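Note that the numbering runs from 1 along the sequence shown for the chain. Everything quoted here is computed from the prediction, not taken from an experiment. Excluded from the calculations below are hydrogen atoms, water molecules and symmetry mates; all remaining heavy atoms, backbone and side chain alike, are included.
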Amino acid sequence: MLGRRTMLGSGGLVTDDRVAFSTASHTLERLHLVRTASAVFVSNSLPFVLAEAGEEIDPAYPWYEKDISSITRGLERAQKVLPLVSGNHVHLLYASDLFLDSQLRMQQMRKVSWQDFSSYGEYRAYLDRWIGSVAENASAGTRRFP
């Protein structure tokens with residue numbers, strides 16, 4: 001899951017020493033992160049992460065729609081932090097992996113950039129490999145329900 005160049009949704013993985021979250025590799029979806037004094041909340045749903053963290057958007061802040069839509073200007077120019085009533089913030093994570101250790105220390109890693117294709121055939125071969133990989137994963141015998 002983590003480190004994959006192409007990921008079509010978000011996911012999480014718990015290991016002995018950390019929790020890892022991964023966003024989709026495209027920018028049509030994101031993860032939302034809220035850090036409070038004693039916890040970190042992560043979700044692919046903005047309403048859910050706010051509810052779980054006991055937070056609210058600030059009705060006096062007029063730019064939420066503009067800020068959330070700013071991803072259309074590109075990943076580098078997108079607004080990635082939104083204010084909340086409490087003074088905390090919700091962080092918008094795009095195309096990245098997030099690692100959280102038991103001390104709630106975070107490390108965010110950007111997903112590998114897309115490769116350039118010199119021809120349609122090269123692009124098609126790339127897609128065929130990934131579709132084959134997805135089909136293989138979906139039908140793996142180790143899945144409870146392949």
Stepwise side chain to side chain donor-acceptor pair (under 3.5 Å) check, K111 with S22:
CA-CA 9 Å; K111 290 194 183 292; S22 187; 2.7 Å; yes

Determine which pairs satisfy salt bridge (charged side-chain N to carboxylate O under 4.0 Å, His left out) with at least one residue from residues 67-77, sequence neighbours left out, and list them in order.
E76-R110

Transitive ILVMFWY cluster of L82, excluding itself - 4.5 Å side-chain cut-off:
V34, F41, L46, V49, L50, I57, Y61, W63, Y64, I68, I71, L75, L84, V90, L92, Y94

Residues clustering with V85 (ILVMFWY side chains joined when closer than 4.5 Å, directly or via others):
none

Quick one: side chain to side chain contact (heavy atoms under 4.5 Å, CB included) partners of [X], sequence neighbours excluded?
X: Q103; answer: D101, R105
X: T15; answer: L13, D17, R18
X: A140; answer: T142, R143

Can you find a pair of side-chain heavy atoms, one from V40 and one from L100, that are under 4.5 Å apart?
yes

Hits for salt bridge (charged side-chain N to carboxylate O under 4.0 Å, His left out) against D128, two or more places apart or cross-chain, chain-then-number order -> R124

Partner residues of Q108 under the side-chain hydrogen bond (donor to acceptor under 3.5 Å, both in side chains) criterion, sequence neighbours left out:
S96

Contacts of type side-chain hydrogen bond (donor to acceptor under 3.5 Å, both in side chains), residue H32, not counting sequence neighbours
R30

Verify, without hydrogens or angle tests, whether [X] (side chain) and [Y] (backbone) share a donor-acceptor contact under 3.5 angstrom.
X: S69; Y: K66; result: no
X: H89; Y: H91; result: no
X: Q79; Y: V81; result: yes

Pairs involving residues 34-53, ordered by first then second residue, that meet side chain to side chain donor-acceptor pair (under 3.5 Å) (sequence neighbours left out)
S10-N44

Can you tell me how the ring of Y126 sits relative to the ring of F117, calling it parallel under 30°, perpendicular over 60° and tilted otherwise?
tilted

Measure the CZ-CE distance between F99 and M106 for me, rounded to the nearest 0.5 Å.
13.5 Å

Once rounded to the nearest 0.5 Å, what's the spacing between atom OH of Y120 and atom CG of L127?
7.5 Å

Any residue meeting ring pair (Phe, Tyr, Trp, His ring centres under 6.0 Å) with F48, in chain and number order, not counting sequence neighbours
none

A95 and S25: which non-hydrogen atoms are nearest, and at how many Å?
CB-O, 4.0 Å

Closest non-hydrogen atom pair between S86 and E55, with its separation
OG-OE1, 2.6 Å

